[in-house]
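What follows is a single structure, written as structure tokens, with notes after it.
Hydrogens, waters and symmetry mates are skipped; everything else that's a heavy atom, side chains included, is used. Here is how names work: the chains are called A, B, and so on, in the same order as the sequence lines, proteins then strands, and each is numbered from 1.
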Number of protein chains: 2
Amino acid sequence: MKVSPVTIIDIAKKLGISKSTVSRALKNHPDISQATKDAVNKLAESLNYVPNTVASGFRNKKTKIIGLIVPQISYFFFPSVVQGIEAVVHKKGYKLMILQSDESYEREVENLNVLIANNVEGILSSVSLETRNFEHFQHVIDIGLPIVFFDRIVKGLDTDVVLVDDVTGACKAVKRLIEADRKRIAICTGNMNLLISNNRLQGYKTALIQAEISIDEDLILSCDTPEETEYAVTALLNKPTPPDAIFAISDLTMTGVMKAVFNKKLKVPEDISVIGFCEEPFRSMYHPQLTTIEPMGFEIGHKATELLFERLEDTNNWSLAPRVIYLDSHLKEGGSV
Amino acid sequence: MKVSPVTIIDIAKKLGISKSTVSRALKNHPDISQATKDAVNKLAESLNYVPNTVASGFRNKKTKIIGLIVPQISYFFFPSVVQGIEAVVHKKGYKLMILQSDESYEREVENLNVLIANNVEGILSSVSLETRNFEHFQHVIDIGLPIVFFDRIVKGLDTDVVLVDDVTGACKAVKRLIEADRKRIAICTGNMNLLISNNRLQGYKTALIQAEISIDEDLILSCDTPEETEYAVTALLNKPTPPDAIFAISDLTMTGVMKAVFNKKLKVPEDISVIGFCEEPFRSMYHPQLTTIEPMGFEIGHKATELLFERLEDTNNWSLAPRVIYLDSHLKEGGSV
DNA sequence: ACCGGTTGCGCAACCGGTTGCATTTTTATG
DNA sequence: CATAAAAATGCAACCGGTTGCGCAACCGGT
């Protein structure tokens, strides 16, 4: 049977004082005498009093909750991001409400409403694959709820945004392959509905053009899941002129690439080089360890949350112009190139 | 500038009716005429009305939030669990507040208070490594807040508990190694403060005893992190009589095992067999794929949440005795044995 | 004894939605 | 047309903590 928790009213009654005094005593308000404060604190302690944050959050519209919407909390990238977010959120004494969109537009809209309904003070989000209409995000902005996008951002909205410098990063990766004397470099782009996929593809093209290597559309694979990637890469490897290097734009695609490579019994890096945007515990799982461009999951989450809190703490927050933060991800040598 | 969101009072004023009527109309209460309902719904829609769940949650003590405390949301296991939890929580129209203990006792206590303060309706938790005192959990039980433990459970508390049948699972794993004619089987147990570590070790011993293989304490490595494991396994492999098989009790220890094995340039499974409790995307990342005992992360999260909701939905919940659910995890063949 | 200032505390409204009960309006029936 | 019954709506309290304002008690100084 549920025991009703102790409230300031219970304390007030036992002490024969008013609940306002109890409230102020607990918050160490200067108006209250030390004797009263001591009595209140002592009783509160002994009764295991836990202030009802729902009640106070209701009163002053401060729930101390940050909402997070991610496509999925699996694989490596998003858990890393969550770690980075948590670090800041916890330091600030806030809590995190995590919702998943499952790559569905409908659930994204629904989740946004849930966060609004729960009076979260700010939102962090990485958009779903399916999303092509951004009115729901615009509505969040309209009601003045601070929102920061990371990784999968939305163009054209007046918000802060954090992402890695995809173009440069991808360019670095491909240049590294070219340095290793690779000529037929394939790329596995993720879903082309995402800006990051386009950017990374652009970096790939830039590197090739600068090296005066012509772009072969056959070497550009648009694949989403590990399975799709494995299939596409296998097909490519079976062609008469297979690639001598593969650039995978994410952990997911890299998984598929590596499977295809292993199934073909190709040796890395002797027979084929691979490089990609891969998170730490993932890259060192392979042998040789993968040469990677760091996706900076932790840092992205960390930075995005910092930007969000800057807005929350900026009392006259209309003064802050939307910021676009590019984190530059450096190349980390493994042995796969 | 923050725009104050529309409330039922706004709707009531515009329609010249009382807020109680609006409230009832929105909830499709039979007392309200269809005409009024239509008018209210239409206006609510056009004003983008989002009910304030903090307010209603405050009123009727139903926040529709489930609290989750995990040590960390990284690696494979906990994200899988979260997926399983989310599936049920979302289906029930609830939200998840995820807090991390970072393996710290203090943060665990703090997190529990945060969840109580936020009026969560139920709690799911996997305890921190550091925790040896369980009064904070007892307090949760005392105030009648339903709590279900999973994976890393607490013995001796009157709560529901979900875990895999570690003893049997570990036993299966080791038997599989014995079938493959392995004689010197090492085990990497995790932190021995955890029940699962003890159970899996026990399963290991049971299998050996049944096969009449004597237990060599040198083959029992107690190691926590991938790094520790790598170090310990490397040392073991360098001994005059190295093991011919290794059983790793988790993804983390397996990571270390595989690194040590690769560094020694040992071939799996020719030179050495490996087997472990490993999550799906992880096991198929290696070549050959790992033979594993499934840790059932998704299923554990799913089941734990179902138990929790059974309690929430059981109006006279004192009738339910604490349940202990063992999920039996079967062996999944890879090529590593 | 009187006064201005300080200290400590209580009163009551408020946040937004919910709900038991009273009240008004409509409908049906004699 | 009166009246009882049913349908639709309003009133007001409530949830627990916060806060502006008012007021009494007390202080030291004259």
Exercise for the section: Go through the structure and list residues passing ring pair (Phe, Tyr, Trp, His ring centres under 6.0 Å) with B:Phe149, not counting sequence neighbours. Expected result: B:Phe137
Exercise for the section: Assess whether atom CG of A:Asn133 is packed by more than 12 heavy atoms of other residues, nucleotides or ligands within 6.0 Å. Expected result: yes
Fill in the blank from the handout: Residues passing the ring pair (Phe, Tyr, Trp, His ring centres under 6.0 Å) test with B:His136, sequence neighbours excluded, are B:Tyr105
Handout entry: DNA chain C contacts made by residues 44-57 of chain A, counting heavy atoms under 4.0 Å
Key = none
Problem - Under the ring pair (Phe, Tyr, Trp, His ring centres under 6.0 Å) test, residues paired with B:Phe58 that sit two or more places apart - result: A:Phe58
Side-chain atoms of residues 44-52 of chain B: list all donor-acceptor pairs with protein atoms under 3.5 Å, sequence neighbours left out, distances to 0.1 Å.
from	atom 1	to	atom 2	distance (Å)
B:Ser46	OG	B:Leu43	O	3.0
B:Asn52	OD1	B:Val54	N	2.8
B:Asn52	OD1	B:Ala55	N	3.0

Practice task
Write down the distance between CD (B:Gln34) and C1' (C:dT26), rounded to a whole number of angstrom.
Solution key: 17 Å
Fill in the blank from the handout: The salt bridge (charged side-chain N to carboxylate O under 4.0 Å, His left out) partners of B:Glu110 (sequence neighbours excluded) come to none
Problem - Residues in side chain to side chain donor-acceptor pair (under 3.5 Å) contact with B:Ser126, at least two apart in sequence or another chain - result: none
Completion exercise
chain B vs DNA chain D, heavy-atom contacts under 4.0 Å, first-to-last nucleotide span, 5' to 3', is D:dA8 to D:dG16
Fill in the blank from the handout: Residues in residues 20-29 of chain B with a heavy atom under 4.0 Å of DNA chain C, by number, are B:Ser20, B:Ser23, B:Arg24, B:Lys27
Handout entry: Nearest-nucleotide comparison on DNA chain D, the residue closer to the 5′ end among A:Thr7 and B:Thr36
Key = B:Thr36
Problem - Sugar-phosphate, base or nothing in reach of B:Lys19, heavy atoms under 4.0 Å - result: base
Exercise for the section: May I ask you to say whether A:Asp31 pairs ionically with A:Arg24, meaning some side-chain N is under 4.0 Å from a carboxylate O? Expected result: no
Practice task
Would you tell me whether B:Ser104 and B:Glu106 have side-chain atoms, one donor and one acceptor, within less than 3.5 Å of each other?
Solution key: no
Handout entry: Neighbour count above 12 (heavy atom, 6.0 Å) for A:Gln138 CD
Key = yes
Fill in the blank from the handout: Terminal axes of the helix from C:dA1-D:dT30 to C:dG30-D:dC1 (5 end pairs apiece), angle rounded to 10 degrees, sit apart by 60°
Problem - For B:Arg107, all residues meeting salt bridge (charged side-chain N to carboxylate O under 4.0 Å, His left out), sequence neighbours excluded - result: A:Glu86, B:Asp102
Exercise for the section: Could you tell me whether A:Asn60 contacts a base, only the sugar-phosphate backbone, or nothing, with contacts defined as non-hydrogen atoms closer than 4.0 Å? Expected result: sugar-phosphate
Handout entry: Validation row: A:Glu121, A:Thr63 side chains within 4.5 angstrom (heavy atoms)
Key = yes
List the atom pairs, donor and acceptor, that lie under 3.5 Å between side-chain atoms in residues 299-307 of chain B and the rest of the protein, sequence neighbours left out.
from	atom 1	to	atom 2	distance (Å)
B:His302	NE2	B:Glu306	OE2	3.3
B:Thr305	OG1	B:Gly301	O	2.6

